[in-house]
Structure formats: structure tokens, C-alpha cells
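Worksheet: one structure, shown below.
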Amino acid sequence: MSFLLDQLALDDRVTDPRHAAYMLATAWHETAKTMRPIAEYGKGTGKKYGLPDMRTGHTYYGRGYVQLTWAENYQGMGQALGIDLFNEPDQAMKPDVAYAIMSRGMRKGSFTGVKLSTFISGVNCDYLHARKIINGMDCAELIAGYAVKIEGMLNQSMYRDWE
């Protein structure tokens with residue numbers, strides 16, 4: 001948690017504490033409450049993305065704080081970040097890389113085509129439907145509840161001067 005809070009404090013592209021709250025809530029859920037980049041349980045067993053890629057031999061199961069999946073997502077995110085995630089998918093397990101994937105992906109809509117600002121901007125704060133930026137509505141109510149609690153903690157802590 002300390003690492004993620006430090007990264008959020010340094011990330012000048014995250015200026016809304018509600019974005020930070022939702023990012024942390026997502027990480028809490030997607031990392032099985034460890035707040036550490038993890039590999040997807042089962043490593044994609046039974047899913048198409050769990051099969052080795054014919055070109056690289058790598059398996060593009062979920063990794064990191066948000067469980068990046070699919071070869072094309074590893075390739076696209078790697079290009080966006082200037083690292084070779086396609087040929088070295090385990091880089092998504094490094095905390096700094098996992099944070100960069102989460103921050104960029106959630107802000108830019110890299111995962112599903114929907115940005116965090118679609119649901120959280122100005123007076124609008126829809127933590128429930130913000131789940132669509134990651135994984136449809138899977139566990140949306142649970143994660144929305146986490147986000148509400150985390151937002152309260154961030155606001156109480158004055159951890160960062162939000163612009």
C-alpha cells in the first residue's frame with residue numbers, strides 16, 4: 001500500500017482523489033487484497049489467453065495490479081510505456097511497471113476502451129459503473145464499496161494536496 005500511495009503522490013496525471021481511490025480499490029480487489037502485483041490464480045487455465053502464444057511461446061494471463069491479459073494488450077501497453085511486455089510479460093509483475101500499467105490503462109481506457117474519467121469527473125462519481133474500465137460489471141458493487149471507504153481515508157489523511 002505504501003508503494004502505491006507513493007506512486008499516486010508522484011503521479012501528476014492523477015489529480016482527483018476519487019480516481020486514486022478507485023485505482024486503489026481495484027488494486028485491492030485484483031491482487032487478492034495483497035496490494036502487490038500478482039499473477040492471476042490459475043494463470044489463465046481454461047481461458048484462451050491462458051494458452052501459449054504461437055509466436056512467442058509466452059502465456060498472457062493476468063499479471064500486476066489490474067491483471068493485464070491477452071497478447072495484444074501486453075504488446076499495446078508495452079509500446080505505450082516504452083518497454084517490451086510482449087516478449088517479457090513478467091515485467092508486468094514489477095511494482096513500478098504494474099503501477100504504470102494501472103495508471104495509464106485506467107486513465108486512457110486501454111483495457112476496455114472506457115476511461116476512468118467517463119465515470120468519475122467533475123460532480124459525477126459513479127464508482128459502480130467505473131468497473132467497466134477493467135472487467136464489465138464483475139464484482140462492481142464490492143469494488144465500489146472499497147472505493148468509497150478509500151476515498152474517505154484519502155480525504156481524511158491529507159496525504160496529498162489534490163489539485
Side-chain angles (χ1 to χ4, degrees), residues 1-8 10-14 16 19-121 126-147 150:
M1 179 68 89
S2 295
F3 175 80
L4 287 174
L5 288 170
D6 288 345
Q7 292 301 300
L8 284 163
L10 296 170
D11 191 343
D12 61 359
R13 296 158 300 201
V14 180
D16 187 326
H19 284 203
Y22 197 77
M23 291 167 73
L24 291 169
T26 298
W28 179 253
H29 178 76
E30 296 289 344
T31 67
K33 301 179 182 177
T34 67
M35 298 306 274
R36 298 184 193 292
I38 65 168
E40 175 184 356
Y41 293 160
K43 297 186 176 182
T45 301
K47 299 180 174 126
K48 285 186 180 182
Y49 63 73
L51 299 172
D53 183 83
M54 301 286 272
R55 299 165 287 178
T56 66
H58 295 295
T59 307
Y60 297 98
Y61 55 82
R63 291 177 179 85
Y65 291 121
V66 292
Q67 301 302 299
L68 183 67
T69 55
W70 298 102
E72 57 272 13
N73 292 336
Y74 277 83
Q75 188 168 29
M77 186 59 72
Q79 287 172 347
L81 298 176
I83 56 178
D84 190 1
L85 288 173
F86 185 64
N87 289 303
E88 299 177 51
D90 282 336
Q91 284 195 73
M93 297 288 288
K94 295 179 180 177
D96 58 330
V97 174
Y99 176 80
I101 291 167
M102 177 176 70
S103 178
R104 181 178 181 81
M106 293 179 84
R107 288 181 299 99
K108 298 285 189 179
S110 304
F111 307 125
T112 64
V114 185
K115 300 176 184 181
L116 189 54
S117 61
T118 302
F119 301 102
I120 305 168
S121 179
D126 184 355
Y127 286 140
L128 181 67
H129 291 96
R131 183 67 177 152
K132 292 178 182 179
I133 66 173
I134 300 288
N135 193 5
M137 291 298 287
D138 176 61
C139 298
E141 287 185 41
L142 182 63
I143 297 164
Y146 297 152
I150 292 169

| Where is the tightest heavy-atom contact between Asp53 and Thr56, given as atom of each residue plus distance? | OD2-N, 3.1 Å
| field | Rounded distance [0.5 Å steps], CD1 in Ile83 versus CD1 in Ile101 | value | 6.0 Å
| query | Which is it for Met35 and Ser2 under the side chain to side chain contact (heavy atoms under 4.5 Å, CB included) test, yes or no, and what are the steps along the way? | reply | CA-CA 9 Å; Met35 298 306 274; Ser2 295; over 6 Å; no
Would you mind writing out the side-chain donor-acceptor pairs for residues 104-112 within the sub-3.5 Å range, not counting sequence neighbours?
from   : atom 1 : to     : atom 2 : distance (Å)
Arg107 : NE     : Ser103 : O      : 3.2
Arg107 : NE     : Ser103 : OG     : 3.0
Thr112 : OG1    : Lys132 : O      : 2.7
Thr112 : OG1    : Ile133 : O      : 3.4

| Summary of ring pair (Phe, Tyr, Trp, His ring centres under 6.0 Å) pairs that have at least one residue in residues 34-64, sequence neighbours excluded | Tyr49-Trp70, Tyr60-Tyr74, Tyr60-Phe86
| In terms of ring plane angle, is the pair Trp28 and Tyr146 parallel, tilted or perpendicular, where the classes change at 30° and 60°? | perpendicular
| message | Once rounded to the nearest 0.5 Å, what's the spacing between atom CD of Gln7 and atom CG of Leu24? | response | 11.5 Å
| field | Asn73 side-chain N/O to Thr69 backbone N/O, donor-acceptor pair under 3.5 Å | value | yes
| said: Before you tell me yes or no, could you show the steps for Gln67 and Asn135 under side chain to side chain contact (heavy atoms under 4.5 Å, CB included), namely the whole-Å CA-CA distance, both residues' side-chain angles and the distance that decides it to 0.1 Å? | reply: CA-CA 10 Å; Gln67 301 302 299; Asn135 193 5; over 6 Å; no
| query | What pairs of residues pass the salt bridge (Lys or Arg N to Asp or Glu O under 4.0 Å) test when at least one of them lies in residues 37-50, not counting sequence neighbours? | reply | Glu40-Lys47
| Heavy-atom side-chain proximity of Ile143 to Tyr22 below 4.5 angstrom | yes
| task | Using the side chain to side chain contact (heavy atoms under 4.5 Å, CB included) rule, take Leu85 and Val97 through it: C-alpha gap first, then chi angles, then the decisive distance, then the call. | result | CA-CA 10 Å; Leu85 288 173; Val97 174; 4.1 Å; yes
| request: Quick one: closest heavy-atom pair of Ala27 and Met102, and the distance? | output: CB-SD, 4.1 Å
| Atom of Ala25, atom of Ala147 and distance for their closest heavy-atom approach | CB-N, 3.5 Å
| task | Using modelled atom types only, decide if a donor and an acceptor are shared between the side chain of Arg131 and the backbone of Asp138 within a distance under 3.5 Å. | result | yes
| query | If every non-hydrogen atom of Ile120 is compared with every non-hydrogen atom of Ala130, which pair is closest and at what distance? | reply | CD1-CB, 4.4 Å
| request: Provide the closest heavy-atom pair for Thr31 versus Gly64 in the form atom of the first, atom of the second, distance. | output: CG2-O, 3.9 Å
| Test: Glu72 and Arg55 ion pair at under 4.0 Å | no
| request: Could you tell me which non-hydrogen atom of Met77 sits nearest to which non-hydrogen atom of Leu68, and how far apart they are? | output: CB-CD2, 4.4 Å
| task | Enter the distance from Met93:CE to Ile38:CD1 here, rounded to the nearest 0.5 Å. | result | 7.5 Å
| Trace of the side chain to side chain contact (heavy atoms under 4.5 Å, CB included) decision for Met23 with Val66 | CA-CA 9 Å; Met23 291 167 73; Val66 292; over 6 Å; no
